[in-house]
Amino acid sequence: MPDLKIYNSLSRKKEIFKPIHPGFVGIYVCGPTVYGHAHLGHAKSYTSYDVIVRFLRYLNYKVRYVQNITDVGHLLGDANEGEDRILKQARIEKIEPMEVVERYMRSYFEDMDALNVLRPDISPRASAHIPEQIELVQTLLDKGYAYEVNGTVYFSVEKFKDYGKLSGRDVNELKSGVRINVHSDKRHPADFALWKKAEPEHLMQWNSPWGKGYPGWHAECSVMSTKYLGQPFDIHGGGIENIFPHHECEIAQSEAATGKEFAHYWIHNNMITVDGQKMGKSLSNFITIKDALKKYDPMAIRFFVLSSHYRSPLDFSESAREAGQKGLERFIEGYHRLRKASCVNLKPNGIYSQAINNYKQRFEEEMNDDFNSPKAIAALFDFLKETNSALDKNEMDQEMQSSALKIIDETAGNVLGLIKPGTTDVFGQADQKDIQSMVNLLIELRNKLRSEKNFNLADEIRKRLLEIGFELRDTASGTEWKKN
RNA sequence: GGCGACGUACCCAAGUGGCUAAGGGAGAGGUCUGCAAAACCUUUAUUCAGCGGUUCGAAUCCGCUCGUCGCCUCCA
């Protein structure tokens, strides 16, 4: 099998992946701040990393996947005067901050489960790692990379020579950046808070050597990644919009504190736009996953996301989404056809055996090339065509059938996650509403027969329905039914 | 203003130096079929925003122009 290549944001090119410990991969991905329901952007991001982790496992790596839950420290608006977003939500909902966190964390996992996104191995919470964060801040102070002003500790970007290496920014140029407000306490405008002094009314605060306060924006990721994965670790992932300042600051803190490299490979996924506009929490154009799931099949959302590359932006529009839905249905239909086919009385053809191998090889090549899911899906569809064709011509024997099923389960199922475990046949699914309309339809047809005096068939319908548990009663006001 | 990405058929979307420019959706024609559906076959970009340049050879590299978007403030 060819080598796995990953586009590394640090070097800005594809690199051959070499794990630090052969056979093992440690991956950390920036998780959500849980103060609201997850939206389609989260769906793209975490579906992408889900497939990355699934593929690493397909390659037989033993993967430890850590994704944090941010439940403290992120501020709205200006870094120094902004309000903690979780506190703000707590005030709006009139509940405890930790209730906000619980509520939306559960909501997040619920949505991810629906999208068939596997849970991370560890979901550490920022608020549960305050001592470690304090320790990091203290180390940086001791080593001279940080300074304290009135209960708040800042990281000095000028002390860390590599600051800007990920985002391609220059510390001196940042100084004159028009949108950075110079705050009087900071020695350099790009300096960022490691620890923030809390006002007495601030609901989330902890004791520290610098008084009561709470950790800065970036500390949690530095601390929790290295706590569970060591330093350096293999892969750090996150949204492209976090390259600066978040990831830049993570690198600065961690590398300054230990003198060691932080993470080998940086993976950044691109964003979802809605009708060409970025979908953001601060903009009010975002579509929550819960809303989307009311209208769309979760697997179709997943398929839609995977039909573009993780590093490409993806525009969500009704027509694009619908095309994805149709494409997924085509795949699922073909998959079930293969599963149900009875491959007997046949004239097997070796060409199809070859097609199975070709597909497996192509799938692996495409995924090895920086997790190219669109190309992997293209290979899947080509294979599907060959499968349908072989079934049409009755050229598939049971051995081919079972190996074809196995490879589809491993690739489209286990890696792309397009076959939800326990998926029932597409032709057998119905919910309560569907059953109701179906019984009503039978009643309507039966009444038509009655009006045509075709009582034999009308009675048979009533009898057969009763046998499967639906009792009909003809009343003056029409036919009623109940489920026995 | 600084940094960066992108512009490929009717729509979505791969391809980033060289075999016929993937795949999905939509459209058209056909096979099959009582009728549908599904499936299969054929078909829809001599051309990759535009203009120059490098090269034996470019959608792919370089320059400029136009357009779209992201980051520089929390954001997946």
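These figures come from a predicted structure and were not determined experimentally.
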Side-chain contact check for Arg169(A): nearest option of rA76(B), rC72(B), rC40(B) is rC72(B)
N/O (side chain, Asn388(A)) to phosphate O (OP1/OP2, rC40(B)) under 4.0 Å: yes
Check every strand shown and say whether Tyr49(A) touches a base, only sugar-phosphate, or nothing at a heavy-atom separation below 4.0 Å. nothing
Point to revise | Any Asn269(A) side-chain nitrogen or oxygen under 4.0 Å from OP1 or OP2 of rA76(B) | key: no
- Task: Check the angle between the aromatic planes of Phe55(A) and Tyr58(A) and answer parallel, tilted or perpendicular using the 30° and 60° thresholds.
- Result: parallel
Minimal heavy-atom distance between Tyr46(A) and Pro32(A), with the atoms involved, is OH-N, 3.3 Å
Using 30° and 60° as the class limits, which term best fits the ring planes of His218(A) and His246(A): parallel, tilted or perpendicular? tilted
Among rA76(B), rA13(B), rC12(B), the one nearest any side-chain atom of Ala320(A) is rC12(B)
Item checked: OP1 or OP2 of rG70(B) under 4.0 Å from side-chain N/O of Asn270(A) -> no
Residues in residues 374-382 of chain A with a heavy atom under 4.0 Å of RNA chain B, by number, are Pro374(A), Lys375(A), Ala378(A), Phe381(A), Asp382(A)
Picking from rG24(B), rA76(B), rA22(B), the nucleotide nearest the side-chain atoms of Arg330(A) would be rG24(B)
In whole angstroms, the gap separating C1' of rA37(B) from NZ of Lys326(A) amounts to 13 Å
| query | For residues Lys290(A) and Ser107(A), is any side-chain donor paired with an opposing acceptor at under 3.5 Å? | reply | yes
| message | Can you tell me how the ring of His247(A) sits relative to the ring of Trp266(A), calling it parallel under 30°, perpendicular over 60° and tilted otherwise? | response | tilted
Ranking rA39(B), rC41(B), rC12(B) by distance to the side chain of Lys385(A), first place goes to rC41(B)
Would you indicate, yes or no, if rA14(B) has its OP1 or OP2 atom less than 4.0 angstrom from a side-chain nitrogen or oxygen of Arg311(A)? no
Q) Can you find a side chain N or O atom of Ser312(A) that sits less than 4.0 Å from OP1 or OP2 on rA14(B)? A) yes
Here the gap from Ile69(A) atom CD1 to Glu220(A) atom CD, rounded to the nearest 0.5 Å, amounts to 10.0 Å
Mind checking whether Phe316(A) and Tyr296(A) have parallel, tilted or perpendicular rings, split at 30° and 60°?
tilted
dist Arg64(A):CZ -> Asp234(A):CG (nearest 0.5 Å) comes out at 11.5 Å
Among rA14(B), rC11(B), rC71(B), the one nearest any side-chain atom of Phe244(A) is rC71(B)
Taking rA14(B), rA76(B), rC72(B) as options, the one with an atom nearest any side-chain atom of Pro245(A) is rC72(B)
Sequence neighbours excluded, the answer for side chain to side chain donor-acceptor pair (under 3.5 Å) partners of Lys14(A) is Asp369(A)
For this session: Describe the nucleic acid contact of Ser167(A) in one word from base, sugar-phosphate, nothing, applying a heavy-atom distance below 4.0 Å.
Result: sugar-phosphate
Looking only at rG4(B), rA13(B), rA76(B), the nucleotide nearest the Arg12(A) side chain is rG4(B)
Record whether the side chain of Arg321(A) comes under 3.5 Å of the base of rC11(B) through a donor-acceptor pair of N or O atoms. no
- Check: Thr387(A)/Tyr335(A) side-chain N/O donor and acceptor closer than 3.5 Å: no
Here the helical stems involving RNA chain B, each at least 3 consecutive Watson-Crick or G-U pairs closer than 3.5 Å, sorted by first residue number, are B:1-7 with B:66-72, B:10-12 with B:23-25, B:26-31 with B:39-44, B:49-53 with B:61-65
